[in-house]
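Heavy-atom basis, side chains included; hydrogens, waters and symmetry copies ignored. We count ligands from 1, going down the list as the structure has it; atoms in each ligand are counted the same way.
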Amino acid sequence: MSIKVVEVSKKYQNQVAVNSLSFEIKKGEIVGFLGPNGAGKSTLMKMLTGYVIPTNGALYICDELVVPTQKTTNKNIGYLPEHNPLYKEMYVKEYLSFIANIHKVSNSKIDEVIHQTGLTPEASKKIHQLSKGYQQRVGIAAAIIHNPSVLILDEPTTGLDPNQIIEIRQLIKDLGKDKTVLFSTHIMQEVEAVCDRVIIINKGDLKVDANLSELKSGQEQIIQVEFDFKIEEQFVKRIENLKSFDNYHDNKWEFTFNVQEDKRAAIFDFAQEQGLKILQMNTQNKTLESLFAEFTK
Ligand code: ADP
């Protein structure tokens, strides 16, 4: 297992930041770690990287226990902290050489990560001359220079413009081809764009740990219809795949389905069979965005 979190809690004085979280992430997965501000995402990531000591529980990276005082797990982890702290007066290559030295890896790795993170055109500049998106690439290059198998990225796209966001998401996907990636965000769309699995936390509690396909298949489709005449419930019940219905006003009905196919055509067919005309029809899907809102309200 690349990452294993077992009943981990963290209290800062009386403030519970993480409350008995458990999950496992297999080799090669890209997992979105989602939650509103203050949910406990950074705290959990800092515990995984050994910078914060858990109050309870145990964390493992590549089956090795994370021991905060020893740096034994560093070889397996690449970490991009929130706000990406960089020495901005340094040149890109100079900074990466400094990081390579800390990890005791050869300088030949520098050109490799520069290429891998798309930094080649900016490699000879000072970090402060770079756009925010390129600075983020420098942070990611520094995080992967020792070729860790697990990458922990804390809000890697926050503060970037829309084009930079797309580029960094693509870079995360590319890195995910041979690394396990856990990245935090407070944007559901980001998770949809980059990963197959999402872990949602709120106020330190685990709310969801699911594959996106599972979440999507559990989504409901709600169709509101107004017919020209009254219809009896016994006929309505004949509509296929109907999960529930509500006759909320005269000839107005609300039908709920939990299938992914668009059920509007089925409603048209039903109306025709019953000799009814449809005066109005609206459809709405519960998006992943609204699921997130539900889990974190
Ligand atoms: P997120 O990354 O999801 O925004 P954090 O892990 O930063 O959440 O914070 C979780 C909670 O723990 C928040 O209520 C925050 O105020 C609190 N917290 C985080 N770091 C500290 C700290 N060093 N001292 C005291 N409280 C903290």
S.K.: Can you see whether Y12 engages T43 through a side-chain donor-acceptor pair at a distance of less than 3.5 angstrom?
M.R.: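 There is such a pair (donor and acceptor under 3.5 Å, judged by atom type) between the side chains of Y12 and T43.
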
S.K.: Consider only side-chain N and O atoms of E7 and S22, and report whether a donor and an acceptor are under 3.5 Å apart.
M.R.: no

S.K.: Can you sort out which atoms of ligand 1 are near N37, meaning under 4.0 Å from one of its heavy atoms?
M.R.: 4 (O)

S.K.: Any idea which protein heavy atom is nearest atom 5 (P) of ligand 1, and the distance to it?
M.R.: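 Of every protein heavy atom, T43 OG1, 3.7 Å lies nearest to atom 5 (P) of ligand 1.
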
S.K.: Starting from atom 8 (O) of ligand 1, locate the nearest protein heavy atom and write down its residue, its atom name and how far away it is, to 0.1 Å.
M.R.: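 Here the nearest protein heavy atom works out to G40 N, 3.1 Å.
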
S.K.: Does one side chain, of T157 or E190, offer a donor that lies under 3.5 Å from an acceptor on the other?
M.R.: yes

S.K.: So does H83 have more than 12 non-hydrogen atoms from other groups sitting under 6.0 Å from NE2?
M.R.: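 No - once you tally the heavy atoms of other residues, nucleotides and ligands closer than 6.0 Å, there are 12 at most.
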
S.K.: Within the protein, is there a heavy atom lying under 4.0 Å from atom 15 (C) of ligand 1?
M.R.: no

S.K.: Which protein heavy atom lies closest to atom 7 (O) of ligand 1, and at what distance to 0.1 Å?
M.R.: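 Ranking protein heavy atoms by distance from atom 7 (O) of ligand 1, first comes S42 CB, 3.8 Å.
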
S.K.: How does P36 reach ligand 1, if at all, at less than 4.0 Å between non-hydrogen atoms: by side chain, backbone, both, or neither?
M.R.: backbone

S.K.: Going by atom types only, do E167 and N163 share a side-chain donor-acceptor pair under 3.5 Å?
M.R.: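 On atom types as modelled, these side chains do not qualify, holding no pair under 3.5 Å.
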
S.K.: Please give me the minimum heavy-atom distance between A210 and L215, naming the atom from each residue.
M.R.: CB-CG, 4.1 Å

S.K.: Determine whether the side chains of K263 and N241 contain a donor N or O and an acceptor N or O closer than 3.5 Å.
M.R.: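 Note: K263 and N241 side chains meet the donor-acceptor criterion.
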
S.K.: Counting each atom of ligand 1 from 1 as listed, which ones have a heavy atom of K41 under 4.0 Å away?
M.R.: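 Near K41, the atoms of ligand 1 are 1 (P), 2 (O), 3 (O), 4 (O), 6 (O), 8 (O).
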
S.K.: Hey, does A17 come in under 3.5 Å of ligand 1, counting only N/O atoms on both sides?
M.R.: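 In this structure, A17 places no N or O atom under 3.5 Å from an N or O of ligand 1.
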
S.K.: Q13 versus ligand 1: do any nitrogen or oxygen atoms come within less than 3.5 Å of each other?
M.R.: no

S.K.: Just to confirm my output: which protein heavy-atom neighbour is closest to atom 23 (N) of ligand 1, and how far is it?
M.R.: Y12 CE2, 3.6 Å

S.K.: Side chains of T185 and F33, heavy atoms from C-beta outward: is any pair under 4.5 Å?
M.R.: no

S.K.: Could you tell me whether R137 sits above the aromatic face of Y134, with NZ or CZ closer than 6.0 angstrom to the six-membered ring centre and within 45 degrees of the axis?
M.R.: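 Yes; both conditions hold, so R137 lies above the ring face of Y134.
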
S.K.: Please identify which atoms of ligand 1 are closer than 4.0 Å to at least one heavy atom of A39.
M.R.: 1 (P), 3 (O), 8 (O)

S.K.: What protein heavy atom lies closest to atom 4 (O) of ligand 1? Include the residue and the distance to one decimal.
M.R.: G38 N, 2.7 Å

S.K.: I'd like to check which ligand 1 atoms, numbered from 1 as shown, lie under 4.0 Å from a non-hydrogen atom of Q15.
M.R.: 14 (O)

S.K.: Could you establish whether G35 and ligand 1 come within less than 4.0 Å of each other, counting only heavy atoms on the residue side?
M.R.: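 G35 does not count as a contact of ligand 1 under the 4.0 Å cut-off.
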
